[in-house]
Amino acid sequence: MAAYLFAVRDPRGDEVRLTEDCYRLHILIEHPELVDVNHIADTITSPDLITQDVVDPQRLVYYRTYQAQPQRWMKVVVEQGEVITAYRVRRLKQGETIQWQQ
């Protein structure tokens, strides 16, 4: 059984969870600047926008601004209600379809 670090609801009411394994074995290793899981949870609960991934339509992408000038985004990718990755980006991915916007 998976151990969850959090289970939160996005603005549309959907539950999203982060497993301890995904965080420890992927996110922290690949993106060590994300030491605070609250930044990931905040991106899901209070995103600037939610998009549908351009490559895999089963995935939702949550974006939240973490730096205003120059603008930088926190990006959280979710599949079937579970976070599969999270990292910081300089721009939004072209071709994604907006599903929800603040």
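We're numbering straight along the sequence, starting at 1. Computed from heavy atoms alone, side chains included, the values below leave out hydrogens, waters and symmetry copies.
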Measuring from [X]:[atom1] to [Y]:[atom2], what's the distance to the nearest 0.5 Å?
{"X": "N38", "Y": "D42", "atom1": "CG", "atom2": "CG", "answer": "6.0 Å"}
{"X": "R91", "Y": "Q71", "atom1": "CZ", "atom2": "CD", "answer": "12.5 Å"}
{"X": "T45", "Y": "R9", "atom1": "OG1", "atom2": "CZ", "answer": "12.5 Å"}
{"X": "D53", "Y": "Q58", "atom1": "CG", "atom2": "CD", "answer": "10.5 Å"}

| field | Validation row: E33, H39 side chains within 4.5 angstrom (heavy atoms) | value | no
| field | Trace of the side chain to side chain contact (heavy atoms under 4.5 Å, CB included) decision for R72 with R90 | value | CA-CA 5 Å; R72 300 285 192 257; R90 294 181 181 203; 3.7 Å; yes
Closest approach of [X] and [Y], non-hydrogen atoms and distance?
{"X": "R17", "Y": "A7", "value": "CG-CB, 3.7 Å"}
{"X": "P57", "Y": "Q52", "value": "O-NE2, 3.0 Å"}
{"X": "R64", "Y": "P47", "value": "CB-CA, 4.4 Å"}

| message | Other members of the hydrophobic cluster containing I44, with the 4.5 Å side-chain heavy-atom rule, please. | response | L5, F6, V8, V16, L18, Y23, I27, L28, L34, V35, V37, I40, I50, L60, Y62, Y66, M74, V76, V78, V83, W100
Side-chain donor-acceptor pairs of residues 92-99 under 3.5 Å, sequence neighbours excluded:
residue	atom	partner	partner atom	Å
E96	OE1	T51	OG1	2.9
E96	OE1	Y63	OH	2.7
E96	OE2	Y63	OH	3.4

| query | So, does T19 use its side chain to make a donor-acceptor pair with the main chain of C22 at under 3.5 Å? | reply | yes
| remark: Residue set satisfying side chain to side chain contact (heavy atoms under 4.5 Å, CB included) with I84, at least two apart, ordered chain then number -> R59, V77, E79
